[in-house]
Amino acid sequence: MSDRRISGFKPTGPLQLGNYVGAIRPVVDGQDQPTIVFVADLHAMTVPGDPQRLRELSLQVAGLLLASGVDPRRTILYRQSDLPAHAELHYLLECVATYGEAHRMIQFKEKGGGSGTRLSLLTYPVLMAADILLHDIAEVPVGRDQRQHVELTRDLAMRFNERHGPVFTVPRATHPAIAARLADLADPAVKMGKTNASSNGVLFLLDPPDVLRRKIMRAVTDTAGEVAYDPENRPGVSNLLELLAVATGDDPRRIASGHTGYGALKRATADAVIALLEPIQRRYHALSEDDIEQVLAAGAERAAERADATVARTKAAMGLSSARPARAGSPATPETVPASR
Ligand code: AMP
Ligand code: TRP
């Protein structure tokens with residue numbers, strides 16, 4: 001059975017610390033299992049953007065993934081648009097997913113709605129399902145905000161297998177134990193995100209140390225004045241504790257018991273985040289565009305064979321090619337047995 005993992009990153013802005021703790025680090029730490037990481041540039045096109053900036057951000061995202069420890073000797077790293085199979089499987093899965101399903105997705109409810117909304121924003125979770133199902137994936141390490149999309153992926157895979165025979169592996173999402181949804185430092189009610197309205201509460205991986213320190217020292221806490229880990233009632237302080245915990249490998253409750261004031265907690269957090277990001281920034285600045293392009297090209301080549309085979313299998317099962325599907329009851333490949341939850 002497959003033990004492959006996949007995670008994708010949208011080049012809609014510079015990567016931020018939520019990406020790192022929610023997905024990049026779990027991906028990097030688990031590379032002894034077969035791992036695929038990709039720059040989700042097709043997903044970036046669901047909202048308006050500039051082609052030149054998209055190209056630059058795609059390279060930057062790939063470079064930061066490498067600088068963060070994605071190891072191209074083991075892990076496949078590629079750019080989504082270099083693999084046409086994503087778009088092809090996306091369409092086939094649009095013929096499995098329903099309008100109601102797509103319409104219920106939280107991200108569409110939050111960002112979409114107006115008549116000028118791109119149609120792709122509605123269907124993007126189906127593209128994400130295609131990204132995953134293309135590669136016979138068992139595990140999808142992502143932040144908590146992506147859970148609903150992986151649930152949809154599971155539903156589509158199971159529906160398809162029921163209708164057409166066992167073609168897809170059914171994946172499951174995994175989330176880090178702490179900071180699965182890192183909050184914006186200036187507004188703990190919203191998640192830290194690349195495209196948040198203000199960048200005051202967003203720690204970008206490439207922010208210089210003085211900027212990181214300033215943003216952390218200005219983080220919203222609360223008026224109680226006491227350091228306690230209580231995400232429900234004290235989201236601001238608890239978010240700082242989670243940040244310090246993930247940066248130092250400690251536990252937020254234990255850190256809370258060792259701190260009495262917000263000032264010292266913020267200073268410790270700033271020191272830890274700066275120390276965490278310094279080597280990543282150094283490695284990133286040592287990479288050339290050519291280095292990154294080479295890794296991406298080799299990655300797309302390595303990813304293509306399995307992806308093309310999945311599309312061929314899917315088309316055959318749907319009656320779209322002259323190839324006959326695998327006999328009912330016999331998996332098309334030994335790896336198409338649905339993974340358990
Ligand atoms: P995106 O920036 O939307 O492409 O997200 C890429 C990955 O980072 C996904 O797995 C997200 O769930 C994760 N991620 C983004 N922001 C956060 C956050 N604030 N906390 C935890 N994970 C996050
Ligand atoms: N939708 C994800 C996000 O917004 C990015 C993504 C696209 C992804 N395809 C994926 C993540 C496949 C994991 C697996 O963060």
Side-chain angles (χ1 to χ4, degrees), residues 4-28 35-47 54 57-58 60-62 64-65 68 70 76 78-81 83 86-87 89-90 93 105-108 110-111 120-121 123-154 156-157 171-196 201-205 231 235 239 242-243 246 303 307:
R4 229 182 324 277
R5 308 147 78 238
I6 197 167
S7 208
F9 299 84
K10 281 192 309 244
T12 43
L15 288 177
Q16 41 84 22
L17 206 63
N19 297 130
Y20 183 80
V21 300
I24 300 175
R25 193 157 66 181
V27 162
V28 166
T35 302
I36 300 174
V37 189
F38 68 100
V39 181
D41 58 349
L42 296 176
H43 287 269
M45 297 177 62
T46 53
V47 290
L54 177 59
L57 281 172
S58 294
Q60 189 189 80
V61 167
L64 277 167
L65 289 167
S68 300
V70 167
I76 294 177
Y78 71 98
R79 177 170 35 208
Q80 186 184 25
S81 61
L83 209 65
H86 284 269
L89 189 61
H90 178 202
L93 291 178
M105 295 290 122
I106 291 161
Q107 297 204 347
F108 182 74
E110 283 175 353
K111 293 191 204 154
S120 55
L121 189 68
T123 59
Y124 125 104
V126 183
L127 176 58
M128 176 159 164
D131 302 339
I132 297 168
L133 298 180
L134 208 46
H135 296 288
D136 288 332
I137 295 298
E139 185 192 335
V140 189
V142 278
R144 180 103 50 215
D145 63 311
Q146 296 303 315
R147 184 156 195 97
Q148 194 187 32
H149 295 150
V150 180
E151 284 297 319
L152 174 69
T153 306
R154 294 173 56 85
L156 297 182
R172 66 190 165 83
T174 54
H175 312 293
I178 348 172
R181 181 190 175 281
L182 195 66
D184 186 298
L185 297 180
D187 180 2
V190 305
K191 73 165 184 186
M192 191 179 285
K194 303 183 196 98
T195 54
N196 286 9
V202 181
L203 303 171
F204 293 107
L205 300 189
N239 194 47
E242 290 194 9
L243 190 49
V246 291

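Order of listing sets the numbers, starting from 1, for every ligand and every atom in it. If you read the sequence from its start, that first residue is 1, and numbering goes on from there.
Residue Ile36 holds its CD1 atom at 6.0 Å from CZ of Arg4, rounded to the nearest 0.5 Å. Between the CD1 atom of Ile132 and the CG atom of Leu127 there is a distance of 10.0 Å, given to the nearest 0.5 Å. For the atom pair CD of Gln60 and CG of Leu205, the computed distance is 9.0 Å after rounding to the nearest 0.5 Å. Expressed to the nearest 0.5 Å, how far CG of Leu42 lies from CZ of Arg79 amounts to 11.0 Å. Atoms NZ and OG1, from Lys10 and Thr46 in turn, are 6.5 Å apart once rounded to the nearest 0.5 Å.
A 4.5 Å side-chain heavy-atom check between Leu185 and Leu243 finds at least one atom pair inside the cut-off.
Gly18 O, 3.1 Å is the protein heavy atom nearest to atom 22 (N) of ligand 1. Shortest contact from atom 10 (O) of ligand 1 to any protein heavy atom: Gly143 N, 3.2 Å. Regarding atom 4 (O) of ligand 1, its nearest protein heavy-atom neighbour is Lys10 N, 2.9 Å. Here the protein heavy atom with the shortest distance to atom 1 (P) of ligand 1 is Lys194 NZ, 3.2 Å. In this structure, the protein non-hydrogen atom closest to atom 16 (N) of ligand 1 is Gln16 NE2, 3.2 Å. The nearest heavy-atom contact from the protein to atom 20 (N) of ligand 1 is Leu182 N, 2.8 Å. The protein heavy-atom contact nearest to atom 21 (C) of ligand 1 is Ala180 O, 3.2 Å. The nearest heavy-atom contact from the protein to atom 6 (C) of ligand 1 is Asn19 ND2, 3.4 Å.
Among the candidates Pro141, Ser7, Pro26, the single residue satisfying the side chain to side chain contact (heavy atoms under 4.5 Å, CB included) test with Thr174 is Pro141.
Qualifying ring-ring contact (aromatic ring centres under 6.0 Å, His included) partners for Phe9, counting only residues two or more places apart in sequence or in other chains: none. Evaluation of the side chain to side chain contact (heavy atoms under 4.5 Å, CB included) rule for Lys191 yields Gln107, Asp145, Arg181 as partners, not counting sequence neighbours.
Heavy-atom contacts of Ala23 reach the following atoms of ligand 1: 7 (C), 8 (O), 10 (O) (cutoff under 4.0 Å). When each atom of ligand 1 is checked for a heavy atom of Gly22 under 4.0 Å away, the hits are 21 (C), 22 (N). In summary, the atoms of ligand 1 found under 4.0 Å from a heavy atom of Gly8, numbered by their order in the structure, are 6 (C).
Backbone and side-chain nitrogen or oxygen atoms of Met192 are examined, and one is located within less than 3.5 angstrom of a nitrogen or oxygen of ligand 1.
Applying the 6.0 Å contact sphere to CE of Met45 captures no more than 12 heavy atoms from other residues, nucleotides or ligands.
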Worked verdict on Ile137 versus Thr153 for side-chain contact (heavy atoms from CB on, under 4.5 Å): CA-CA 11 Å; Ile137 295 298; Thr153 306; over 6 Å; no

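At a heavy-atom cutoff of 4.0 Å, ligand 2 is surrounded by Ser7, Gly8, Lys10, Phe38, His43, Tyr124, Met128, Asp131, Ile132, Val140, Val142, Gln146.
Across the listed options Asp145, Val190, Val142, Asp145 owns the non-hydrogen atom lying nearest to atom 12 (O) of ligand 1.
Annotation: Phe38 is not in aromatic contact with His135 [ring centroid separation under 6.0 Å not met].
Annotation: side chain to side chain donor-acceptor pair (under 3.5 Å) contacts involving residues 13-26, sequence neighbours excluded, comprise Gln16-Asn19.
Heavy-atom distances between Ala183 and ligand 1 stay at or above 4.0 Å for every pair.
Counting heavy atoms closer than 4.0 Å to ligand 1, residue Arg181 contributes backbone atoms (N, CA, C, O) but none from C-beta onward.
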